[in-house]
Protein chains: 2
Amino acid sequence: MIYSCLPSVNEYLQYMTDQGGERRDLAAMLAPLVRSLIAIELPVLAAHGISMWGYAVLSTLDDSPVRTQAALAEAIGADKTRIIGTLDELQQSGLISRDPDPDDRRARLLSITPNGRKARRSARAAIQANEDRLLAELSPADRRAFLRAAQTLSTLSPEDLAGS
Amino acid sequence: MIYSCLPSVNEYLQYMTDQGGERRDLAAMLAPLVRSLIAIELPVLAAHGISMWGYAVLSTLDDSPVRTQAALAEAIGADKTRIIGTLDELQQSGLISRDPDPDDRRARLLSITPNGRKARRSARAAIQANEDRLLAELSPADRRAFLRAAQTLSTLSPEDLAGS
DNA sequence: TATTGTTATACTCTATAACTATA
DNA sequence: TATAGTTATAGAGTATAACAATA
């Protein structure tokens, strides 16, 4: 049966019922939401002088430096050729440093600068302030559960998502 | 203050704490998830002989017919020129009907056919079975809250999302 | 003249492949 | 010969603008 992978049929029926018997596809619900969220983010980021990919790079590097551009590209789910322009801009703006590894001059050691960190955190504060306004639509309990669930699902590997 | 739009500062602090003090951006969490969900959907849809946009069209028309192509395009968040090829395919496959409105022969009355409805529901069952596997990662309470929250947020108008 | 749908054009984004430099 | 980064080319997807039919 198609629903045999569920923890229990009762569970399934319960949340189907919660949805009024017609559950919408997850992707169909979330895709427009994400599109809107990004559309809202763009002008905020522009006001901080950074692009969407630039923000993704800064966010990754704010957590920890990265040894190669290819690794950075993979971390943000992009092609290595796609982030080169972004890195050029960020470097020119002084938001990241990008130096040849003395031990292997083919690789580029990437890290965020103090200015980059400042820009990223300022942008994030503005973005999350917007998100807070949306999250205020939810009950406190649902809001916490939603953030927890989003966190859980977003950290699943592509393999987990695609199925064994 | 940047967080003044929150229901209460205490609430904010509470879910920040729940996230370990470092909440990730919503878009940054959800965008890769949605990308993966769509990547999983595509082969399922292909097996049913419909494209992603075709599925969006069928889903909209399954709820109710639409009087013009422009209205349909807006409903699925696409440009009116973008869905023409999709409508051609769906019509040729006999999944939708698309007839000039007798009262205004400029407009095209769009509706789903019985075969289209069958295809859509079959595809949806397969897609939701996949999603169920992912949702099984969540606790029952979180799963219900997540679906409820996604439903709530996804039905906000772009104006609500963008802010007053 | 305005509106619906269609076609044609141009533009953006992305991936693939070729190239340079280091190893 | 293999790898990291870069550049060049081509392809997909999309939007803008011009067009045809109907009102």
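Note: hydrogens, waters and symmetry copies are ignored here, and every other heavy atom, side chains too, is used. We name chains A, B, ... by the order of the sequence lines, and we start the count at 1 in each one.
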Can you name the atoms? Protein N/O to nucleotides 17-23 of chain C N/O, anything below 3.5 Å, with the distance.
| unit_1 | atom_1 | unit_2 | atom_2 | d |
| --- | --- | --- | --- | --- |
| C/dA23 | OP1 | A/Arg105 | N | 3.0 |

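- Annotation for A/Arg98: atom CZ counts as buried by contact number, over 12 foreign heavy atoms lying within 6.0 Å.
- Contact annotation: the side chain of B/Arg24 approaches that of A/Ser154 to within less than 4.5 Å [non-hydrogen atoms, C-beta and beyond].
- If you measure from atom CD of B/Glu74 to atom P of C/dT3, you get 15 Å, rounded to the nearest angstrom.
- Residue A/Ile84 places its side chain closer to D/dT7 than to any other of C/dT14, D/dT7, C/dG5.
- Atom CG in B/Asp79 sits roughly 14 Å away from atom C1' in C/dT9 (whole-Å rounding).
- Atom-to-atom, CZ of A/Arg35 to C1' of D/dT14 comes out at 12 Å; the value is rounded to the nearest Å.
- Counting to the nearest Å, the P atom of D/dA4 and the CG atom of A/Leu72 are 14 Å from each other.
- Between the CD1 atom of B/Ile83 and the C1' atom of C/dT7 there is a distance of 15 Å, given to the nearest Å.
- Side-chain N/O atoms of A/Trp53 include none lying less than 4.0 angstrom from OP1 or OP2 on C/dT12.
- Per the geometry, CG belonging to A/Leu42 stands 15 Å off P belonging to C/dT12, to the nearest Å.
- A 4.5 Å side-chain heavy-atom check between A/Arg143 and A/Pro140 finds at least one atom pair inside the cut-off.
- As a whole-Å value, the separation of A/Asp88 CG from D/dG5 P is 13 Å.
- If you measure from atom CZ of A/Arg82 to atom P of D/dA12, you get 17 Å, rounded to the nearest angstrom.
- The pair B/Arg106-B/Asp101 fails the salt-bridge criterion, with no side-chain N (NZ, NE, NH1 or NH2) lying under 4.0 Å from an Asp/Glu carboxylate O.
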Stepwise, does the side-chain hydrogen bond (donor to acceptor under 3.5 Å, both in side chains) test hold for B/Thr113 with B/Asn115? CA-CA 5 Å; B/Thr113 65; B/Asn115 270 345; 5.6 Å; no

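- Sparse packing is recorded around CZ of B/Arg105, with 12 or fewer heavy atoms of other residues, nucleotides or ligands lying under 6.0 Å away.
- Look at B/Arg124 and B/Asp62 and you find no salt bridge, because none of the NZ, NE, NH1 or NH2 atoms lies under 4.0 Å from a carboxylate O.
- Out of D/dT6, D/dT14, C/dG5, the shortest distance to the side chain of A/Arg98 is found at D/dT6.
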